[in-house]
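Both counts, for ligands and for their atoms, begin at 1 and track the order of listing. When reading the values below, keep in mind they use all heavy atoms of this one structure, side chains included, and skip hydrogens, waters and symmetry mates.
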Amino acid sequence: MQKPLKPFLMKNDPSTKIFDLLQFGEFGDVNPSVCDSATFTFMQATTMLDTFHGETEGCFLYSRHWNPSNKYLADALSAMEGTESAWVTASGMAAITCAILQICNSGDHIVSSVTTYGGSFAFLNNYLKKFNIDVTFVDITKLDEVKKAIRPNTRIIYTETMTNPLLQISDIPSLAKIADENHLKLVVDNTFTPMIVAPAQLGAHVVVYSMTKFINGKNDCVAGAICASNEFVNALSNVNDGTAMLLGPALDPLRSSSILKNLHTLHIRMKQHSKNADYLARKFKNYGIEINYPGLKEHKGHHKLTEMMNPEFGYGGLIAIDMYTVEKAFKLMEMMEKAGVGYLAVSLGYFKTLFSNSGKSTSSEVPIEIQREMGLSEGLVRFSVGLDNDIENTWQKIKSCLEQMG
Ligand SMILES: *Cc1c(COP(=O)(O)O)cnc(C)c1O
């Protein structure tokens with residue numbers, strides 16, 4: 001990527017890209033008509049055969065392959081990311097596992113950030129052994145470590161734009177350069193930072209999402225997406241050997257149509273999540289609590305994220321504080337739930353604030369020794385800050401909990 005980062009990103013402002021799309025239904029309905037059919041008719045048998053061979057345009061065959069409602073959502077997502085194409089899946093894990101299995105064969109090797117979503121870590125560390133696929137885990141912010149880990153059989157560099165739960169920032173342009181020089185694919189999970197960062201615009205080859213989180217934002221379903229080139233998405237959905245087609249984690253079209261409507265408010269929600277998270281981060285800091293938020297100048301990834309981001313959406317809705325012990329973390333979370341700060345629950349990107357102790361929840365798949373090695377404190381409490389209209393009022397509730405903790 002030789003182009004200057006910021007102007008390039010601004011030109012591809014994801015919020016305007018989605019709104020540029022003209023998608024309406026068969027009756028002129030403002031929301032595209034929902035297509036709840038599993039199969040599709042043909043008037044000519046030869047057209048069906050051609051569709052099986054991938055030789056027709058705009059023909060639908062069977063909904064595990066493609067469905068019009070899924071296509072509307074996929075088109076909106078590829079517009080947002082600036083990729084040629086996208087495929088929507090029944091969960092974020094389906095997006096991640098299908099993307100990886102599409103690229104790797106038995107005997108291949110992956111270089112991955114050690115801090116990733118717990119399910120991704122478990123898949124990379126435990127499950128891929130079945131296929132004799134080796135994974136080297138590195139500190140993804142140390143580019144020398146990444147380079148050193150690459151072997152002749154390496155196929156993927158895997159990371160998250162903002163890693164879970166340490167909120168480290170991946171240098172996507174530099175990782176893309178390393179990937180290109182070594183003929184690898186850079187696969188980036190952008191679940192924490194939709195609209196804030198567009199990884200494909202910075203050189204990532206495949207962008208994966210858990211749409212369960214910010215993109216849908218309602219916590220009423222699990223869903224995922226893979227955004228990539230036409231070639232990659234066609235390969236994924238190929239009837240003979242496509243991983244998504246053959247493993248079959250297609251998203252229910254009724255869900256696709258509801259997620260598409262929520263996608264259209266994502267830009268407003270991201271701004272409010274970021275604004276509230278930034279507010280709480282500064283309050284925690286002034287109170288003397290150890291706080292991790294990429295929007296703070298002292299955060300190690302602050303400068304890098306500032307370079308890569310679309311500034312109007314802020315530094316994201318996630319913050320992490322350190323209570324040092326599990327006992328203190330548990331006590332604070334129970335008190336905050338009772339005080340009405342939000343819910344003690346895993347997941348993120350919901351309109352209400354959610355908090356959990358990462359070491360004992362979403363990162364519990366990561367062995368304790370590795371948790372310590374990567375710097376994950378046992379007392380870490382991760383907050384996904386909600387859309388509260390009066391965040392000062394929320395802070396007052398948190399503050400009174402902290403005061404009662406002593
Ligand atoms: C939740 C999450 C996933 C997994 O997504 P599901 O929709 O739960 O399958 C993957 N990556 C990240 C960063 C997540 O937060």
Side-chain angles (χ1 to χ4, degrees), residues 73 77 81 86-101 110 112-128 140 156 158-170 172 187-197 199 204 206-227 244 247-252 255-256 258-259 262-263 266 270 273 277 294 301 305 316-320 343 345-350 353-359 361-366 374 376 380 382-385:
L73 178 58
L77 291 165
E81 292 304 312
W87 208 81
V88 292
T89 56
S91 71
M93 283 311 297
I96 293 163
T97 56
C98 285
I100 291 174
L101 292 176
I110 297 171
S112 172
S113 168
V114 64
T115 65
T116 55
Y117 176 71
S120 309
F121 179 84
F123 178 73
L124 292 162
N125 193 51
N126 310 335
Y127 197 89
L128 284 179
I140 204 71
I156 293 178
Y158 184 84
T159 192
E160 296 171 356
T161 308
M162 185 185 287
T163 69
N164 179 50
L166 296 180
L167 313 182
Q168 289 172 314
I169 304 300
S170 295
I172 295 170
V187 180
V188 178
D189 180 338
N190 200 43
T191 299
F192 282 20
T193 46
M195 296 210 156
I196 297 171
V197 178
V206 178
V207 180
V208 289
Y209 274 107
S210 167
M211 295 200 287
T212 314
K213 317 296 169 52
F214 289 105
I215 288 185
N216 187 47
K218 306 292 182 290
N219 250 296
D220 52 4
C221 68
V222 288
I226 303 168
C227 303
L247 297 189
L251 182 57
D252 179 347
R255 276 303 175 195
S256 283
S258 84
I259 296 170
N262 293 333
L263 181 65
L266 179 62
M270 289 315 293
H273 282 299
L305 182 55
L318 285 140
I319 60 176
Y343 299 129
V346 297
S347 198
L348 52 115
Y350 186 46
T353 296
L354 303 177
F355 37 81
S356 57
N357 171 248
S358 300
S361 61
T362 50
S363 294
S364 59
E365 296 93 334
V366 182
M374 68 165 93
L376 171 51
L380 183 134
R382 187 191 74 184
F383 290 68
S384 167
V385 181

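Donor-acceptor pairing under 3.5 Å is recorded for the side chains of Arg382 and Asn164.
Taking 4.0 Å as the cut-off, Ala94 does not count as a neighbour of ligand 1 on heavy-atom distance. Using 4.0 Å as the threshold, Val208 has no heavy atom nearer than that to any atom of ligand 1. Under the 4.0 angstrom criterion for non-hydrogen atoms, Asp189 is in contact with ligand 1. Within the 4.0 Å heavy-atom cutoff, Phe192 counts among the residues contacting ligand 1.
Of all non-hydrogen atoms in Val114 and Met374, the two that sit nearest each other are O-CE, 3.7 Å. Here the closest heavy-atom approach between residue Asn216 and residue Asn219 is recorded as ND2-N, 4.3 Å.
The aromatic rings of Phe214 and His273 sit perpendicular, their planes meeting at an angle over 60°, well past the 30° parallel limit.
In this structure, CG on Leu77 lies 8.0 Å from OH on Tyr209, to the nearest 0.5 angstrom. Phe123 contributes atom CZ, which lies 4.0 Å from atom CG of Leu101 (distance to the nearest 0.5 angstrom).
Contacts between Lys213 and ligand 1 below 4.0 angstrom, taking non-hydrogen atoms only, involve the side chain exclusively. Neither the backbone nor the side chain of Thr116 has a heavy atom within less than 4.0 Å of ligand 1.
Taking only nitrogen or oxygen atoms, main chain and side chain alike, Asn164 does not reach within less than 3.5 Å of ligand 1. Some N or O of Thr212 is nearer than 3.5 Å to an N or O of ligand 1, by distance alone. Residue Met93 has at least one N or O atom closer than 3.5 Å to an N or O atom of ligand 1.
Which of Gly119, Ser210, Ala223 comes nearest to atom 5 (O) of ligand 1 through a heavy atom is settled by distance: it is Ser210.
Taking a 6.0 Å sphere around OH of Tyr343, one finds it holds 12 or fewer heavy atoms contributed by other residues, nucleotides or ligands.
Applying the 4.0 Å criterion to heavy atoms of Ser91 picks out, from ligand 1, the atoms 7 (O), 9 (O). Near Gly92, meaning under 4.0 Å from one of its heavy atoms, ligand 1 places the atoms 5 (O), 6 (P), 7 (O), 9 (O).
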